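No experiment lies behind these values; they were computed from the predicted model shown. Keep in mind that the numbers below use all heavy atoms, side chains included, and drop hydrogens, waters and symmetry copies. Within every chain, numbering begins at 1; the chains are lettered A, B, ... in the order of the sequence lines, protein sequences first and strands thereafter.
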Protein chains: 2
Amino acid sequence: MFEIKTTDLAGRIGKIRTKSGLLETPCILPVIHPVRQSVAPKEMARIGFKAVMTNAYITLKTFGKVAEEKGIHKIIDYDGIIMTDSGGYQMLKYGDVEVTPLEMASFQEKIGSDMAIVLDTPTGIDVDRRRASETVEITLRAAEETLKVVRAEETLWIGPIQGGSHLDLLKMSAERIGKMAFDIFALGSPTEVMESYNFDLLVQMIITVKQVLPIDRPLHLFGAGHPLTIPLVVALGCDLFDSASYMLYAREGRYLTEFGTAKLDELTYLPCNCSICSTHTLKEIKEVGVEERIQKIAIHNLSVLLKEMRTTKQAVEDGRIWEYLGMKAKAHPKLWEAFHSLINHHYEFLEDGTQLFKPRAIFFYEPHDSMRPEVLRYHKRLIEDFSVKKKTLLLLPESDVKPFYKSPYYIKLIEALGAGLEKVQVCFLSLPFGVVPVELSDVYPLSQYLSSIELDYDVMKEVLKHVKEFIRKNSFRKIVLLNHLDSYSPLFKMMASSLKNCHIIDALSDTNRSFEKAFKKIAHIIGAQC
Amino acid sequence: MFEIKTTDLAGRIGKIRTKSGLLETPCILPVIHPVRQSVAPKEMARIGFKAVMTNAYITLKTFGKVAEEKGIHKIIDYDGIIMTDSGGYQMLKYGDVEVTPLEMASFQEKIGSDMAIVLDTPTGIDVDRRRASETVEITLRAAEETLKVVRAEETLWIGPIQGGSHLDLLKMSAERIGKMAFDIFALGSPTEVMESYNFDLLVQMIITVKQVLPIDRPLHLFGAGHPLTIPLVVALGCDLFDSASYMLYAREGRYLTEFGTAKLDELTYLPCNCSICSTHTLKEIKEVGVEERIQKIAIHNLSVLLKEMRTTKQAVEDGRIWEYLGMKAKAHPKLWEAFHSLINHHYEFLEDGTQLFKPRAIFFYEPHDSMRPEVLRYHKRLIEDFSVKKKTLLLLPESDVKPFYKSPYYIKLIEALGAGLEKVQVCFLSLPFGVVPVELSDVYPLSQYLSSIELDYDVMKEVLKHVKEFIRKNSFRKIVLLNHLDSYSPLFKMMASSLKNCHIIDALSDTNRSFEKAFKKIAHIIGAQC
């Protein structure tokens with residue numbers, strides 16, 4: 001039912017088989033009202049949405065048996081894929097609804113929903129533990145009951161996970177629902193979290209449930225459609241999203257951009273080239289009647305969401321989600337904090353889906369980029385799998401030329417010392433990767449990266465840590481440092497003063513880069529001819 | 001002729017008065033061939049381009065006198081604003097052209113160009129100094145000659161600055177042309193620089209000429225239309241740009257995005273929602289005939305450029321260009337390096353255009369953000385204009401609550417010590433701003449910022465530096481540190497060990513945040529009642 005095609009970090013591009021067609025994920029489903037829509041479902045299809053979400057509870061209350069006869073696709077006049085919500089949101093906002101989970105389950109099957117949701121009892125945020133626990137139990141019970149009665153083979157059933165911000169309850173809820181025969185899982189309550197920019201909590205909620213859910217079934221994130229956070233939640237492994245915000249924001253004159261939300265009144269230019277923004281001036285949009293303005297902004301908002309989803313998918317395809325997250329994180333400090341918190345506390349979570357080989361080079365910008373899966377994986381392998389019997393370690397700075405063995409100073413070194421280097425382990429010092437033995441120069445991604453990481457105190461200490469670990473692992477007795485790049489000099493000096501049996505060869509003044517004197521000194525230290 | 005409306009960093013939104021209408025800057029002019037165009041000028045207008053660039057030399061060679069009779073607007077069937085190039089590019093690519101600057105000057109006036117360019121001799125990059133010098137002199141001479149003969153009042157004349165990558169020649173060239181009566185200036189040779197991603201050099205070239213040119217006339221950057229660098233060059237004060245790349249790239253199957261250039265073959269999704277990408281699938285675009293594909297990609301490329309320009313202008317309007325640059329810089333390591341190099345070496349250049357008061361809050365993400373004009377300006381004013389006679393300095397960590405005097409612990413402090421604080425200067429320690437006296441809490445932007453800067457070693461040293469400067473300026477005799485936030489503790493500890501007459505009050509264990517013990521200690525130190 002769910003086939004995964006490509007992965008990067010914990011994100012994946014996949015395909016869900018529904019009775020109304022194949023749905024590629026990650027995917028946003030615009031939420032539409034079953035009775036009146038500002039943007040018609042046909043328009044949704046034209047804009048490019050393959051699936052929409054609508055409300056089965058309102059459908060039941062409004063159309064009753066007629067809906068069962070016609071089917072939901074005819075009711076809303078849309079022949080794409082339809083997910084229906086059961087009324088859980090209504091329950092959260094207005095209090096109890098007067099149907100049971102079993103009634104909603106039966107109804108959704110009869111109206112032909114492609115993906116149907118159990119009537120859950122959403123927890124919400126800032127809810128005390130007792131009430132949270134209650135909502136979890138009621139929801140799990142509704143889930144079990146639903147699965148007992150459903151018959152229609154072709155309806156995909158979605159099991160909701162509740163618990164609000166109580167991570168332990170979320171975990172328990174996810175563990176239990178993960179064991180049930182649902183086709184898709186869904187995580188509740190992110191809307192309030194996102195509206196208060198509490199992205200840190202959002203990350204924790206998602207990771208908590210992803211760590212215990214079966215990996216081979218899609219995860220839907222309720223109410224999480226905003227361009228700002230789409231890359232983050234996709235990178236964490238969420239596959240489906242619904243968005244009512246495109247319309248709610250439009251009604252409030254709020255205009256989505258890739259970087260956040262702007263009030264139409266505060267804009268001077270339309271920072272967009274969608275079908276609306278490239279055919280209207282800002283003035284025109286502000287001056288049309290209210291209903292028309294709402295519709296135009298809604299279509300713009302939908303276009304931005306679609307673009308963001310495509311851009312994010314392309315990033316997953318390219319193995320470039322980490323870089324994209326780094327760029328997006330600078331759109332808001334809270335997103336930056338959440339991204340860094342994710343890196344600091346949950347980096348292993350991101351490792352599994354990260355490819356061993358990627359089609360594109362890796363870009364390093366800031367020290368935190370050294371926490372990406374490829375680097376951590378490399379460190380692990382270097383210490384576990386690489387060992388040499390040589391007793392002398394010679395360290396050179398990384399070169400712009402890659403693979404490293406093609407760098408001018410390495411080639412000169414070989415020419416000058418030749419066989420004298422037999423007993424020496426030559427390594428390059430890379431700011432992102434630490435120690436790189438010349439033999440590994442070709443291993444992806446050691447010759448496929450670009451780094452702009454600046455050498456500050458903390459970066460130096462981190463590299464030194466890796467050097468010490470490498471020395472310890474291989475029991476080197478003598479360390480030789482070839483210090484010939486001004487930019488690396490502080491690092492070499494720090495190493496010279498921290499390492500035992502360490503000789504630093506200063507070639508900074510060797511402006512013609514012949515390294516004659518330096519190589520003579522190295523030869524002397526390692527007991528070789530030059 | 002040129003009216004500046006809004007500024008941020010060195011960038012500005014302005015208006016140029018031409019005979020064919022008002023042109024708002026910054027603005028991109030697509031380059032079109034006067035004879036055959038894949039994208040018709042009418043289409044350009046429909047997409048949203050108010051001005052285009054075409055080649056007067058090719059027009060002369062192809063149409064001759066007919067062009068003088070009809071006028072360039074009729075020749076290319078476009079009634080917007082037209083800038084004409086004289087053949088300088090042809091000279092660079094193919095060698096000498098067989099017209100003189102005076103002939104081109106006269107022709108451009110006769111065909112009714114709205115903005116006309118002197119027939120210059122472009123330098124190019126990687127050209128030896130002798131040849132570079134030659135091209136500079138020839139161009140300056142052509143500029144002088146041109147101004148002597150031009151009569152048409154309503155044609156705006158553009159004076160080109162040459163010198164290639166020889167900064168001293170650029171400077172001299174700009175100084176001399178800046179004294180001439182040109183309406184607009186233009187900087188040559190950035191195309192090759194940009195194609196090799198040498199953004200650092202690009203920054204230096206622009207700053208070199210901007211520092212000596214009159215600020216009240218627009219600057220055109222030849223051949224610099226790419227979404228990746230538009231924000232940077234706008235922030236540096238460039239007002240006009242031409243782009244032939246939209247077409248050259250389209251012919252090579254290269255597809256512009258906000259973050260760089262993709263090969264159509266390498267894309268799986270169309271990361272865009274422009275009029276082309278929202279109405280075609282990737283498959284469709286790949287499968288149409290060659291000419292049609294080139295046209296579609298060209299229109300897409302133009303749409304991306306337009307969107308980027310609008311987004312950049314909105315950022316200038318919002319006073320948020322710095323933040324936007326920070327985000328864009330993460331699209332490519334070379335851009336990141338150029339941005340940081342700009343910050344490290346040329347920060348004063350960015351100060352003038354930066355507003356004293358901005359409508360939006362400032363976001364700080366990384367230590368380099370502390371180099372932004374608002375912060376440097378604040379440091380300067382704090383040392384120059386703020387002085388107190390109090391002899392005791394009390395330092396508290398910055399609070400999330402702003403203005404700082406509304407923070408819970410400050411309010412409690414006042415309640416506890418009251419009049420005892422008369423002789424004490426209370427200040428907050430802000431990671432981006434350094435020392436913030438409580439009296440300045442309301443001054444923009446000290447209560448209008450959000451910071452996610454992490455407290456690492458170099459950040460701590462920087463803050464300590466500002467603290468020492470403040471202490472020195474005001475001759476404080478006693479320093480009291482209230483250490484109550486875990487996250488700030490390393491900073492306070494570093495300060496306690498570096499400052500003389502310093503008392504550190506540890507309130508970390510004061511979990512109920514009553515600060516009773518802490519305040520008693522403070523009272524004791526400052527000799528007051530509690």
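Heavy-atom pairs under 4.5 Å with chain B were tallied for A/L267, A/L306, A/T281; the largest tally goes to A/L267. Among A/I453, A/L450, A/T279, A/T312, the residue making the largest number of heavy-atom pairs under 4.5 Å with chain B is A/L450. Taking B/E308, B/K461, B/E24 one by one and counting their heavy-atom pairs under 4.5 Å with chain A, the maximum is reached by B/E24. When B/K313, B/K334, B/R46, B/E337 are compared by the number of non-hydrogen pairs under 4.5 Å with chain A, B/K313 comes out ahead.
Using a 4.5 Å heavy-atom cut-off against chain B, the contacting residues of residues 256-265 of chain A are A/E258, A/F259. Contacts with chain B (heavy atom to heavy atom, under 4.5 Å) involve these residues of residues 268-275 of chain A, listed by number: A/T268, A/Y269, A/L270, A/P271, A/C272, A/N273, A/C274, A/S275.
Taking every heavy atom of both residues into account, B/P333 and A/S452 meet most closely at O-OG, 2.9 Å. Between B/R310 and A/C277 the shortest heavy-atom distance is NH1-O, 3.0 Å. Of all heavy-atom pairs between A/W336 and B/Y365, the closest is NE1-O, 3.2 Å. Of all heavy-atom pairs between A/G326 and B/K330, the closest is O-CD, 3.2 Å.
The number of heavy-atom neighbours closer than 6.0 Å to NZ of A/K358, taken from other residues, nucleotides and ligands shown, is above 12. For A/K42, the NZ atom sits in a loose shell: 12 or fewer heavy atoms of surrounding residues, nucleotides or ligands are nearer than 6.0 Å.
With a 4.5 angstrom heavy-atom cutoff, A/S451 touches chain B only via backbone atoms. Only the side chain of A/I13 comes within less than 4.5 Å of a heavy atom of chain B; its backbone N, CA, C and O stay farther away. Proximity to chain B is limited to the side chain of A/E317, based on heavy atoms less than 4.5 angstrom apart. Looking at A/H368, only its side chain comes within 4.5 Å of chain B, counting heavy atoms on both sides. Residue B/A329 touches chain A through its backbone alone, counting heavy-atom pairs closer than 4.5 Å.
In this structure, CD1 in B/I276 is found 10.5 Å from OG in A/S278, a value given to the nearest 0.5 Å. Considering CG of B/D318 and CD of A/E266, their distance stands at 8.0 Å, rounded to 0.5 Å. In this structure, the separation between CD on B/E323 and NE2 on A/H332 is 11.0 Å, given to the nearest 0.5 Å.
Under the 3.5 Å distance criterion, the side-chain polar atoms of B/D458 are matched with a main-chain donor or acceptor of A/Y457.
Side-chain contact between B/H340 and A/E454 is present, with at least one heavy-atom pair separated by less than 4.5 Å.
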